[in-house]
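A quick write-up on the structure given underneath.
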Number of protein chains: 2
Amino acid sequence: MTRDDIDGEAPTPDQARRQVEHYGLEVDPQAVLVAVRLISAGARVGRAAEAHFARFGLSTGRYRLLADLEDHGGEKSPSHLALDLGVSRATVTGLLDGLEREGLIARRPSTEDGRGTVAVLTARGAQRLRDMAPDHFGRLEAMVGGLSVEERAVFLDLLARVVRGSAALTAD
Amino acid sequence: MTRDDIDGEAPTPDQARRQVEHYGLEVDPQAVLVAVRLISAGARVGRAAEAHFARFGLSTGRYRLLADLEDHGGEKSPSHLALDLGVSRATVTGLLDGLEREGLIARRPSTEDGRGTVAVLTARGAQRLRDMAPDHFGRLEAMVGGLSVEERAVFLDLLARVVRGSAALTAD
DNA sequence: AGCACATAGTTAGCTCCCTAATCATTTTCG
DNA sequence: CGAAAATGATTAGGGAGCTAACTATGTGCT
């Protein structure tokens, strides 16, 4: 129980086991440990990502929006963006507001749909992506550098399955 | 490229590859994919967890605090809680405020340190944990039910290593 | 044609967690 | 012993994302 698991490895297997035992439940402590660690790790990595993007004056959400826009030819409707990014339309509105204020995207009315708007990546937005690319992708690569190619493939598979399983949290 | 990857599997390997190629970087697209998927999955699972705990009138942070408190005998200082939960002391203050308002914890001044406070799990707090335990742990188990015992062990190992690697995002 | 209903986008208000600054107590040390 | 530094907790303020409600435009059905 040495205190050099700098944290970040919380909770411990013992904690998981004690909790389950405490309530006399017939639940696999290891399964609980995996679930809780993922939730905890997700928050942790999310915060690290937020700090990372802050270097470039962006947030995780704003970066993801810019990148998605560029990958899609530089134009996309807010609804479509919300769908592809997996966030609400209201969130996209907020992200676009911030990006527009900094001149990284522009909004223009849709030509086909009177209700619609199209978000357009500006030259400045593209430039921002270009500027941060080497550092950004370099750090991402370093992040998983400790895993072999095979391990990465396994991780992707397991991660996808657990994420799919996370529907169990919200079911009903 | 069928559109039945309900999302949740975003981004695609193709997107990762295109992005890296676009900037002519010598970065492994698979590594980028793993990193980006983890960031995305973390946010997704985090939101699912938040919705899950909301059922019981709690948030992820508040639940984690209560659980940690119980596991520690029902008493702990805010600073110690912050350390063990991996959040800032200011966040713990906020969590305690909410929990105290609902009568799930109480604050009493520390007897040893004039500056200190001790958070105490109340009977109501313990009851809340007891009430939610079957549903809560059941769902957690279901979440990772798709993985075999061996796969869970592998996942724990890989997850820990990637989390450790995420320091690369904030380094410097 | 006209009216119900769906859809695009935004706004308002909420919670989560963070950092930075503040205040009160220790603790340390010249 | 008394000043400086460290530590515990809180407050103030900010950004992310959410839901629900609202406006405006499109679509469809009778």
Side-chain angles (χ1 to χ4, degrees), chain A residues 39-40 42-66 76-102 105-119 170, chain B residues 39-40 42-65 75-102 105-119 170:
Chain A
I39 291 171
S40 165
R44 195 166 282 283
V45 171
R47 268 177 267 147
E50 218 61 63
H52 166 62
F53 288 115
R55 271 183 236 278
F56 310 103
L58 296 174
S59 66
T60 302
R62 288 188 193 174
Y63 173 78
R64 293 219 303 140
L65 195 156
L66 282 187
K76 217 174 202 178
S77 75
S79 292
H80 201 163
L81 283 166
L83 211 65
D84 290 355
L85 297 177
V87 299
S88 70
R89 278 172 307 160
T91 294
V92 169
T93 296
L95 296 175
L96 290 176
D97 283 349
L99 291 168
E100 189 172 38
R101 223 177 295 124
E102 290 200 38
I105 66 105
R107 277 191 254 229
R108 63 165 181 67
S110 167
T111 52
E112 301 132 3
D113 190 330
R115 298 164 296 181
T117 302
V118 177
T170 53
Chain B
I39 291 172
S40 166
R44 197 166 279 283
V45 171
R47 268 178 265 146
E50 218 62 62
H52 165 62
F53 289 114
R55 272 184 236 277
F56 311 102
L58 296 174
S59 66
T60 302
R62 288 188 194 174
Y63 173 79
R64 294 219 304 140
L65 194 156
E75 293 201 4
K76 217 175 202 178
S77 75
S79 292
H80 200 165
L81 282 167
L83 211 65
D84 289 355
L85 297 177
V87 301
S88 69
R89 276 173 309 165
T91 294
V92 169
T93 296
L95 295 175
L96 290 176
D97 283 348
L99 290 168
E100 188 171 40
R101 224 176 294 124
E102 291 199 37
I105 66 106
R107 278 192 253 228
R108 64 165 181 66
S110 167
T111 52
E112 300 132 3
D113 191 328
R115 298 164 295 181
T117 300
V118 176
T170 51

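Per chain, numbering begins at 1; letters A, B, ... match sequence-line order.
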When you compare the protein's N or O atoms with those of nucleotides 9-17 of chain D, which come within less than 3.5 Å of each other, and at what distance?
from, atom 1, to, atom 2, distance (Å)
dA9(D), OP1, Thr117(B), N, 2.7
dA9(D), OP1, Thr117(B), O, 2.9
dA9(D), OP2, Ser79(B), N, 2.8
dA9(D), OP2, Ser79(B), OG, 2.6
dA9(D), N7, Arg89(B), NH1, 3.4
dT10(D), OP1, Arg107(B), NH1, 2.8
dT10(D), OP2, Thr93(B), OG1, 3.0
dT10(D), OP2, Arg107(B), NH1, 3.1
dA16(D), OP1, Ser59(A), OG, 3.0

inquiry  = Between Arg107(A) and Asp97(A), does any side-chain N to carboxylate O distance fall below 4.0 Å?
reply    = yes

request  = Take Leu81(A) and Val87(A), measure what side chain to side chain contact (heavy atoms under 4.5 Å, CB included) needs, and give me the verdict at the end.
outcome  = CA-CA 8 Å; Leu81(A) 283 166; Val87(A) 299; over 6 Å; no

request  = Answer whether the closest heavy-atom distance between the side chains of Ser79(A) and Arg89(A) falls below 4.5 Å.
outcome  = yes

ask   = Where does the chain B footprint on DNA chain C start and end, counting 5' to 3' with a 4.0 Å heavy-atom cut-off?
value = dC16(C) to dT26(C)

query = Is it true that a side-chain atom of Glu50(B) and a backbone atom of Ser59(B) form a donor plus acceptor pair closer than 3.5 Å?
reply = no

Ala119(B) versus Leu96(B), closest heavy-atom pair with distance = CB-CD2, 3.8 Å

ask   = For the residue pair Glu75(B) and Val118(B), what are the closest heavy atoms and their distance?
value =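 Here Glu75(B) and Val118(B) meet closest at OE1-CG1, 3.8 Å.
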
query = Could you give the distance from CD1 (Ile105(A)) to NZ (Lys76(A)), rounded to the nearest 0.5 Å?
reply = 13.5 Å

